[in-house]
Number of protein chains: 2
Amino acid sequence: MNYELLLRECNMKVTPQRLGILAMMCENGHISIEDLYVKIKKQFSSISLATLYKNVNAMIDVSLLKEVKLPHMKSKYELAKTPHAHLLCESCGVLEDLEMDMNEVSHLLASKSDFKVNETNLIFSGTCHNCQ
Amino acid sequence: MNYELLLRECNMKVTPQRLGILAMMCENGHISIEDLYVKIKKQFSSISLATLYKNVNAMIDVSLLKEVKLPHMKSKYELAKTPHAHLLCESCGVLEDLEMDMNEVSHLLASKSDFKVNETNLIFSGTCHNCQ
DNA sequence: GTATTTGCAAATGATTTGCAGTGCT
DNA sequence: AGCACTGCAAATCATTTGCAAATAC
């Protein structure tokens, strides 16, 4: 993935720290601020938490990243992708993406209420395949 | 609703503050900690934020309350009810409950992944009936 | 060269903890 | 009576802000 281009398209200057953050997000799928900080410090030992927060927030503002708010735990962050649901395993803690046809879901909803859906935040907690 | 009984069933002592919190939750549907604090102070002018946090957390632990984590805003809290989805209007900010057959939803999911769903956190953001 | 970004330190905001006094059962 | 709860103050944790130096373009 071309992170430089991605940043430029969002009118953000390309800095090594930003490239590092994006690479790390891509590699890890879902990651908390703390974990991101620990991992990225291995590459940029002098990076500050303030820089991390500023960049993550800026990237959320331009929709490069998305915050995933999880029950009973800290938020994680992911690269913005096509809409999908999240499966959170209560046993091993793993968080997986689930591609769903959001039209189908919105349809289920439309039959009950006349609400125009713009964005979804769907988290299913339970037991994953391996833990069953 | 009999709040005393509810508390007793959860092995929590019945205090005026707790009864006040539960009554307020029931009256307001969904409420943030700050709003709850402001409102409950009218009844218990000396109640402290610490007490509020302790009680809300304790009630979440025994499943009397549920935290609703919302995108781009602070969490709200609600009385635990039968599972339902949430509709958040991006225009007027209103948060409504939507009764959904979770079996239907879980079915949609089961066809894609073998994940055993235990709990759902479903938030649909968009435009409500009035704002359309 | 100019504007933005970085990293530090300090400020702010949110939540939790410890403890003495009070209240519930 | 005994244990749990309350309210206060202090401690902790998370996030944001201001600013001087460094960097991107």
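FYI, side chains are in, hydrogens and waters are out, and symmetry mates aren't considered; it's all heavy atoms of this structure. So that the names make sense, note that chain A is the first sequence line, chain B the second, and so on, each numbered from 1.
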Could you tell me how far apart [X] ([atom1]) and [N] ([atom2]) are, to the nearest whole angstrom?
X     : N      : atom1 : atom2 : result
B/F44 : C/dG23 : CZ    : C1'   : 13 Å
B/I47 : C/dG23 : CD1   : C1'   : 14 Å
B/N11 : D/dC5  : CG    : C1'   : 15 Å
A/L52 : C/dC8  : CG    : C1'   : 15 Å
B/E4  : D/dC5  : CD    : P     : 15 Å
A/K69 : D/dT15 : NZ    : C1'   : 13 Å
B/L7  : D/dT6  : CG    : C1'   : 15 Å
A/Q43 : C/dG7  : CD    : P     : 13 Å

key: Of the listed nucleotides D/dA14, C/dT17, C/dT5, the one nearest the side chain of A/K13   =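 Closest nucleotide among those given: C/dT5.
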Residue B/K54, side-chain atoms from C-beta onward, closest of D/dT16, C/dC8, C/dT17 =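 Output: C/dT17.
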key: Most 5' of A/P16 and B/N57 on DNA chain C, judged by nearest nucleotide   =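 Looking at the nearest nucleotide for each, A/P16 comes out on the 5' side.
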B/M12 vs B/L49, nearer the 5' end of DNA chain C by closest nucleotide =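 Closer to the 5' end of DNA chain C: B/L49.
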With respect to the phosphate group of [N], does any side-chain polar atom (N or O) of [X] fall under 4.0 Å of OP1 or OP2?
X     : N      : result
A/K74 : D/dA14 : yes
A/R8  : D/dC25 : yes
B/Q17 : D/dG7  : yes
B/N55 : D/dT6  : yes
A/S48 : C/dT6  : no

inquiry  = Would you say NZ of B/K116 has more than 12 non-hydrogen atoms from neighbouring residues, nucleotides or ligands within 6.0 angstrom?
reply    =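 No, the 6.0 Å shell around NZ holds no more than 12 heavy atoms from other groups.
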request  = Can you see which heavy atom on B/L87 is nearest to which on A/F115, and at what distance?
outcome  =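 Distance-wise, the nearest heavy atoms are CB-CE1, 3.7 Å.
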inquiry  = For B/E78 versus B/G29, what's the shortest heavy-atom pair and its separation?
reply    =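 In terms of heavy atoms, the two residues are closest at CB-O, 3.4 Å.
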Assign [X] to base, sugar-phosphate, or nothing according to its heavy-atom contacts below 4.0 angstrom with the strands shown.
X     : result
B/T15 : sugar-phosphate
B/I33 : nothing
B/T51 : base

Side-chain donor-acceptor contact under 3.5 Å, A/Q17 with A/N55 =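 No, no side-chain donor-acceptor contact under 3.5 Å.
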ask   = Does a donor on one side chain and an acceptor on the other come within less than 3.5 Å for B/S75 and B/E67?
value =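 Side chains of B/S75 and B/E67: pair found under 3.5 Å.
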query = Would A/K39 and A/E27 pass as an ion pair if we require N to O under 4.0 Å?
reply =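 Salt bridge absent between A/K39 and A/E27.
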message = Both B/R18 and B/A50 contact DNA chain D. Taking the nearest nucleotide for each, which residue is further toward the 5' end?
response =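 The 5'-side residue here is B/R18.
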